[in-house]
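Heads up: the structure comes next, in structure tokens.
Keep in mind the model is a prediction, meaning the values are calculated, not measured. Note that these values count all heavy atoms, side chains included, but never hydrogens, waters or copies made by symmetry.
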Amino acid sequence: MIDVLVIGSGPAGYTAAIYAARAGRSVKVIAGMRQGGQLTITSFIENYPGFTDPISGPVLMDQMKRQAEKMGVETVSDVIESVDFSKRPFVCVGESGTSYESKTVVIATGADAKWLGVPGEKKYLGAGVSACAVCDGFFFRNKAVAVVGGGNAAVEEAIYLTNFAKSVVLIHRRDKLRAEKIMQKRLFENPKIETIWNAKVVDILGDGNKVSELALADTKNGEESKRAIDGVFVAIGHQPATSVFKGQLELDENGYIVTKDTSSRTSIDGVFAAGDVCNSRYQQAIVSAGQGCVAAIDADRFLSEN
């Protein structure tokens with residue numbers, strides 16, 4: 001019987017594990033499909049407090065894992081395929097066939113960026129292709145970059161990138177944006193930003209080491225063109241990893257776990273959520289880590305009261 005079962009091994013998951021272990025609780029982390037979460041595909045991180053020099057995502061997550069394990073946390077390489085939150089102890093079953101029983105559960109499965117699915121995208125991920133302007137915008141100082149998308153996230157990314165980039169082009173497959181009007185006004189008034197309407201990216205090209213241009217196709221007539229570019233930011237949304245929790249927990253219209261007030265408490269007492277899985281707006285490693293801390297404190301208090 002485990003006091004705290006943490007599902008997910010990103011900043012939220014490992015921070016929750018560290019805090020719960022420090023509270024004297026038995027803790028097990030189920031790593032999931034990608035141990036370390038999204039940071040394992042982030043080349044360099046410059047905005048995580050405590051590191052004067054850039055640190056790679058995989059190294060940062062390895063340090064979090066080592067810190068947790070030093071405190072007695074066990075990490076298991078497994079993926080949770082089904083859960084039963086109808087009664088306590090909770091039961092979570094992995095694809096290995098193993099059943100994990102626990103008094104509380106912290107869900108930190110995160111959210112994955114939606115990708116274009118075009119040639120070159122995976123090849124140049126971290127070498128000119130990104131899904132986070134806040135994370136990687138600094139590396140494109142005085143460069144020409146593109147943002148793909150038409151919602152609030154895409155417009156925000158484009159405006160943010162003007163702080164670093166020489167020029168920004170927003171590429172949208174339709175002839176109007178979905179973003180809020182006030183955001184559109186800021187976008188159109190920014191002299192650094194150009195908008196390409198009715199266009200989709202069909203290929204991301206480069207020299208083998210980094211991105212050099214985009215292949216575009218007109219969504220109305222199919223006419224193809226190319227655009228020289230140093231980097232491309234995909235901003236077409238995120239998909240929370242919550243499919244296994246449908247029917248067990250309250251989710252919002254976009255599939256994110258609903259938490260109560262400013263806590264990590266979900267619709268089931270004893271089940272908590274932290275990080276991108278319940279936060280569609282502030283998807284940053286430091287925010288996820290802070291929410292992981294909150295979840296651990298909430299779980300410890302729940303155990304003390306019950």
Side-chain angles (χ1 to χ4, degrees), residues 4-22 27-42 45 47-50 55 57-58 60-65 67-68 73 75-76 78-80 83 85 90 92 102 104-114 131-132 134-135 153 237-246 248-252 254-268 270-300 302:
V4 182
L5 181 69
V6 179
I7 306 176
S9 56
Y14 272 124
T15 303
I18 289 167
Y19 271 80
R22 279 179 55 84
V27 186
K28 184 172 290 187
V29 173
I30 308 301
M33 291 288 291
R34 184 192 299 131
Q35 185 163 300
Q38 288 193 75
L39 285 191
T40 57
I41 59 171
T42 302
I45 301 167
N47 56 2
Y48 197 90
I55 183 171
L60 177 60
M61 292 318 304
D62 182 63
Q63 289 189 13
M64 285 192 187
K65 178 176 180 287
Q67 184 180 3
V73 174
T75 299
V76 180
D78 203 351
V79 178
I80 297 300
V83 299
F85 294 155
F90 303 119
C92 301
S102 62
T104 63
V105 173
V106 173
I107 299 171
T109 48
D112 292 318
K114 294 179 182 178
C132 180
V134 175
C135 309
H238 285 75
Q239 183 66 43
T242 55
S243 59
V244 71
F245 307 115
K246 289 180 180 178
Q248 297 277 339
L249 297 173
E250 181 184 356
L251 308 178
D252 69 13
N254 295 313
Y256 290 88
I257 295 175
V258 175
T259 54
K260 299 179 180 179
D261 304 320
T262 58
S263 74
S264 65
R265 293 179 294 125
T266 69
S267 56
I268 298 292
V271 178
F272 308 91
D276 291 357
V277 75
C278 59
N279 176 14
S280 62
R281 185 172 179 82
Y282 303 104
Q283 295 183 325
Q284 296 295 305
I286 186 63
V287 176
S288 293
Q291 291 180 340
C293 167
V294 170
I297 293 172
D298 286 343
D300 180 57
F302 177 85

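- Between Phe272 and Thr104, some side-chain heavy-atom pair lies under the 4.5 Å cut-off.
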Steps toward side-chain contact (heavy atoms from CB on, under 4.5 Å) verdict (Glu250, Thr266):
CA-CA 7 Å; Glu250 181 184 356; Thr266 69; over 6 Å; no
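- A 4.5 Å side-chain heavy-atom check between Gln248 and Ser267 finds every atom pair outside the cut-off.
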Using side-chain contact (heavy atoms from CB on, under 4.5 Å), reason through Val287 and Asn279 one step at a time and then give a plain yes or no.
CA-CA 9 Å; Val287 176; Asn279 176 14; 3.6 Å; yes
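- Of the inter-residue distances, the one linking Leu60 atom CG with Tyr48 atom OH reads 6.0 Å to the nearest 0.5 angstrom.
- Residues Gln283 and Ser288 have side chains not in contact (no heavy-atom distance under 4.5 Å, counting atoms from C-beta outward).
- In this structure, Ala296 and Ala16 approach most closely via the heavy-atom pair CB-O, 3.3 Å.
- Shortest non-hydrogen contact noted between Thr109 and Ala241 is OG1-O, 2.8 Å.
- Taking all atoms of both residues into account, the shortest heavy-atom contact from Asp276 to Tyr282 is OD1-O, 4.5 Å.
- In this structure, Phe245 and Phe85 have parallel ring planes: the angle between them is below the 30° cut-off, well short of the 60° mark.
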Between Ile18 and Gln67, is the side-chain contact (heavy atoms from CB on, under 4.5 Å) condition met? List the steps.
CA-CA 7 Å; Ile18 289 167; Gln67 184 180 3; 3.7 Å; yes
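- Asp252 meets the salt bridge (charged side-chain N to carboxylate O under 4.0 Å, His left out) test with no other residue; sequence neighbours excluded.
- Once rounded to the nearest 0.5 Å, the distance linking CE of Met33 with OG of Ser9 reads 11.5 Å.
- Contact between Thr259 and Ser264 at its shortest, heavy atoms only, is CG2-O, 3.8 Å.
- Distance CD1/Ile268 to CG/Leu249: 6.0 Å, rounded to 0.5 Å.
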Checking side chain to side chain donor-acceptor pair (under 3.5 Å) for the pair Thr75/Tyr14: CA distance, chi angles, key distance, verdict?
CA-CA 10 Å; Thr75 299; Tyr14 272 124; 3.0 Å; yes
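- Of all the heavy atoms in Asp298 and Arg265, the pair that sits closest is OD2-N, 4.2 Å.
- Between Ser102 and Val4, the closest side-chain pair of non-hydrogen atoms is not below 4.5 Å.
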side-chain contact (heavy atoms from CB on, under 4.5 Å), that's the test. Do Cys278 and Val258 meet it? Break it down for me.
CA-CA 6 Å; Cys278 59; Val258 175; over 6 Å; no
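- Counting heavy atoms from C-beta on, the side chains of Ile286 and Pro49 come closer than 4.5 Å.
- Not a single donor-acceptor pair under 3.5 Å links the side chain of Thr15 to the backbone N or O of Ala12.
- Separating the OG1 atom in Thr242 from the CD atom in Gln239 is a distance of 7.0 Å, to the nearest 0.5 Å.
- Counting only heavy atoms from C-beta outward, the side chains of Leu39 and Pro11 approach each other to under 4.5 Å.
- Minimum heavy-atom separation, Ala17 to Val29: CB-CG2, 3.7 Å.
- Within 6.0 Å of the OH atom in Tyr19, the count of heavy atoms belonging to other residues, nucleotides or ligands does not exceed 12.
- Considering only heavy atoms from C-beta on, Ile30 stays 4.5 Å or farther from Val6 through its side chain.
- Rounded to the nearest 0.5 Å, atoms CD1 (Ile7) and NZ (Lys28) are 12.5 Å apart.
- To the nearest 0.5 Å, the span separating OG on Ser243 from CG on Leu251 amounts to 10.0 Å.
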